[in-house]
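To keep things clear, I will list the structure first and then write my remarks on it.
Labels below follow one simple rule: chain letters A, B, ... track the order of the sequence lines, proteins then strands, and each chain is numbered from 1.
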Number of protein chains: 2
Amino acid sequence: MSKTKASILLVEDDQNLGFVVRDVLQLKGYEVDWQKDGTMGIKSFFEKGFDLCILDVMLPNKDGFTVATELRELDKDIPIIFLTAKTMQDDRIKGYKAGADDYITKPFSTEEFLLRVEAVLKRCFDNGLPTGRKDVFNIGKYVFDYTNQTLKIEKNERTLTKREADVLKLLFINRNEVLARETALRLIWGSDDYFTGRSMDVFITRLRKYLKDDPEVTIDNVHGVGFKMVVR
Amino acid sequence: MSKTKASILLVEDDQNLGFVVRDVLQLKGYEVDWQKDGTMGIKSFFEKGFDLCILDVMLPNKDGFTVATELRELDKDIPIIFLTAKTMQDDRIKGYKAGADDYITKPFSTEEFLLRVEAVLKRCFDNGLPTGRKDVFNIGKYVFDYTNQTLKIEKNERTLTKREADVLKLLFINRNEVLARETALRLIWGSDDYFTGRSMDVFITRLRKYLKDDPEVTIDNVHGVGFKMVVR
DNA sequence: TTGCCCTGTTAATGAAAAGTTAAACAGCTT
DNA sequence: AAGCTGTTTAACTTTTCATTAACAGGGCAA
């Protein structure tokens, strides 16, 4: 069945506001992951997955909109709520409203806040409850369970390492499209240099070996750019 | 509901002004690519594509107007805003002639600047939001995906190399018009000498081979000038 | 028509990227 | 500190791709 309460990613650099928001949500039974900057937020989302993301617009390094764009690359339907300062111009709010499921202007009351959160969840999961995050993927004849780090074909199950699972998941999210080397290195390794690149190659080799039992699934190289998982 | 905000190309050689402008735009949620000279700006535009370009008039090597003209060759509808140090009537006239959508004289307040930017975007994308950059082209019976570097006809898909994709895209942008050899060499290779010219010929040969399955698509030579992709 | 430059085409070359395997290493646990 | 596990580094091989070369036509001006 489904989970009882949604899990929420909160990206907020302000200590005080972050603490309060997390607390309010947790008291309502939500599972909350609080990250202080966009990069960590994206990493966490990739690894854990959430039912809803709440992003402050003003963030160090990577602002909320950029974060939102990158989150949507990982999951195009993920509900997103923005937190914005009151000083923001009206037309601007209109501008990004299209990409957001809701926006809340600071300061806000906890009641209003919770109402908005629940409204978005209700709208996105029509029974009011999240369907539960999907971290089991069907890759051709394979069944890949990301959280349990297992890869199964017919009766053969293999346990993957964290890195293997990360690379496989990212490839699958971008299946039939080129996954730029740089993107993968940035997201999974956090750095993009010669050696991490070579390291990735080693993982690709290993994953190909794991996936060789279904010829419909291949990992193709696009020279100088990255890799493309092709699922026919 | 995929894109949140417009992506902007900023071409500005001055460190301080460039930094400030980028920052101001980023804080407003725009995705900003800051290039320090015209050549790099054009290259970046060709490879990534943007919703709006902001060009300083005074630039090393290639001035803003020249850059604008070349940008318009790549995308005749791209919105362009000029920045200039002083009120130079001559420049203004020349600027509008090249097709500026707005013209901002330095120094300017961030408020004024942002208003102008938003106004131009609003004017150009009537719903206030950019349409999103298109990098999938229909070339006769072919479907060419620039970012994924694929060229497809019916069920046959072939992956292109970076250079092949670059040349093909440039030819297509100038379809039914002559693409000067020099233009292509400058933009894609960055230099225009005998050997790069010969190299280009090799790519033309290869692209012709790839495109031979649709007789309605040809790459014709214009002796001494360049090539013309003809799509009937 | 002749000669010269420009283009078409194919093959050879060399450099860089990727494939592969094994050893080294780091972080745990026992 | 020995063993175990997972990741990175290293060393070597193979592949890929842009460039260069080599040769064959073509177009155009004189």
Side-chain angles (χ1 to χ4, degrees), chain A residues 43 47 146-151 158-171 178-212 217-230, chain B residues 43 47 148-151 158-171 178-212 217-230:
Chain A
K43 202 177 179 79
E47 286 174 3
Y146 176 71
T147 38
N148 285 43
Q149 294 179 198
T150 56
L151 182 64
R158 174 199 300 276
T159 315
L160 303 180
T161 69
K162 181 72 171 42
R163 280 268 193 277
E164 288 167 357
D166 281 346
V167 177
L168 186 55
K169 179 177 172 183
L170 196 52
L171 280 167
V178 180
L179 167 66
R181 245 195 148 80
E182 213 209 314
T183 309
L185 293 177
R186 281 265 153 70
L187 183 63
I188 297 175
W189 279 267
S191 78
D192 168 14
D193 55 37
Y194 173 77
F195 288 108
T196 35
R198 290 331 317 279
S199 201
M200 178 170 174
D201 288 332
V202 175
F203 281 93
I204 295 290
T205 300
R206 205 165 317 148
L207 287 175
R208 282 184 179 139
K209 208 171 286 173
Y210 297 170
L211 293 169
K212 74 172 164 10
V217 180
T218 57
I219 300 174
D220 301 352
N221 173 255
V222 180
H223 197 91
V225 184
F227 295 93
K228 181 160 101 168
M229 163 172 277
V230 181
Chain B
K43 203 176 180 80
E47 284 173 5
N148 280 317
Q149 294 179 196
T150 55
L151 182 64
R158 122 185 293 144
T159 50
L160 304 179
T161 69
K162 185 74 175 38
R163 279 267 194 280
E164 288 167 357
D166 281 345
V167 177
L168 185 55
K169 179 177 173 184
L170 196 53
L171 281 166
V178 181
L179 166 66
R181 244 195 148 81
E182 211 209 317
T183 309
L185 293 177
R186 280 267 150 70
L187 184 62
I188 296 174
W189 279 266
S191 77
D192 168 15
D193 54 38
Y194 172 77
F195 289 110
T196 36
R198 290 328 322 275
S199 203
M200 179 171 173
D201 288 331
V202 175
F203 281 93
I204 295 291
T205 300
R206 203 167 315 149
L207 287 175
R208 281 182 179 140
K209 207 172 284 171
Y210 296 169
L211 293 169
K212 74 173 163 13
V217 180
T218 57
I219 301 173
D220 302 351
N221 174 255
V222 180
H223 198 87
V225 184
F227 295 93
K228 182 159 100 168
M229 162 172 278
V230 181

**Request:** Just compare D:dA10, C:dC6, C:dT9 and give me whichever is closest to any side-chain atom of B:His223.
**Result:** C:dC6

**Message:** Using only atom types and a distance under 3.5 Å, with no angle test, would you say the side chain of A:Asn221 pairs donor to acceptor with the backbone of A:Gly226?
**Reply:** yes

**Asked** Looking at CG of B:Leu179 and CE of B:Met200, how far apart are the two atoms once the value is rounded to the nearest 0.5 Å?
**Response** 5.5 Å

**Message:** Looking at every non-hydrogen atom in both residues, tell me the closest pair between A:Arg163 and A:Ile188 and how far apart they are.
**Reply:** NH1-O, 3.9 Å

**Request:** Choose from C:dT20, D:dT7, C:dT10 the nucleotide whose nearest atom is closest to any side-chain atom of A:Asp201.
**Result:** C:dT20

**Item:** Nearest-neighbour nucleotide for the A:Arg181 side chain, C:dA18, D:dT19, C:dT7 considered
**Value:** C:dA18

**Item:** Options D:dA18, D:dT8, C:dG19, nucleotide nearest the side-chain atoms of B:Arg163
**Value:** D:dA18

**Side-chain N,O (B:Arg208) to OP1/OP2 (C:dT9) below 4.0 Å** = yes

**Prompt:** Within this structure, what is the CD-to-C1' distance between A:Gln149 and D:dT5, rounded to whole angstrom?
**Reply:** 13 Å

**Value in whole Å for how far the C1' atom of C:dA17 lies from CG of A:Asn221** = 8 Å

**Prompt:** Which listed nucleotide (C:dA18, D:dT7, D:dA21) is nearest to the side chain of B:Phe195?
**Reply:** D:dA21

**Asked** Nearest-Å distance, NZ (B:Lys228) to C1' (C:dT7)?
**Response** 17 Å

**Message:** Looking at the base of C:dG19, is there any donor atom on it, or on the side chain of A:Arg198, that sits under 3.5 Å from an acceptor on the other one?
**Reply:** yes

**Item:** Separation of atom CZ in B:Phe227 from atom P in C:dT7, rounded to whole Å
**Value:** 6 Å

**Request:** Give the rounded distance in Å between these two atoms: CG of A:Asp192 and P of D:dT8.
**Result:** 14 Å

**Message:** Tell me the closest heavy-atom pair linking B:Met229 and B:Leu211, and the distance in Å.
**Reply:** CE-CD1, 3.9 Å

**Message:** Looking only at the side chain of A:Val202 (C-beta and beyond, no hydrogens), which of the listed nucleotides D:dT19, C:dG8, D:dA10 gets closest?
**Reply:** D:dA10

**Request:** Give a yes/no on whether any side-chain N or O of B:Trp189 is located under 4.0 angstrom from OP1 or OP2 of D:dT19.
**Result:** yes

**Complete:** The answer to which of B:Lys209 and B:Tyr194 contacts DNA chain C further toward the 5' end, by nearest nucleotide, is B:Tyr194

**Prompt:** Within the structure shown, what part of the strands sits under 4.0 Å from A:Thr205 by heavy-atom distance: base, sugar-phosphate, or nothing?
**Reply:** base

**Asked** Got a donor-acceptor contact below 3.5 angstrom from the B:Lys228 side chain to the B:Ile219 backbone?
**Response** no

**Prompt:** Between A:Asp166 (CG) and D:dT7 (C1'), how many Å, whole number?
**Reply:** 13 Å

**Complete:** For B:Asp192 and B:Glu182, the nearest pair of non-hydrogen atoms, with its separation, is OD2-CG, 2.9 Å

**Fill in**
Taken to the nearest whole Å, CG/B:Leu185 to P/D:dT19 is 10 Å

**Item:** Rounded interatomic separation in angstrom, taking CG from A:Asp193 and P from D:dT8
**Value:** 10 Å

**Message:** Please confirm whether the shortest side-chain N or O distance from A:Thr161 to OP1 or OP2 of D:dT7 is below 4.0 Å.
**Reply:** yes

**Message:** Applying a 4.0 Å non-hydrogen cut-off, can you work out what A:Ser199 is touching in the nucleic acid: base, sugar-phosphate, or nothing?
**Reply:** base

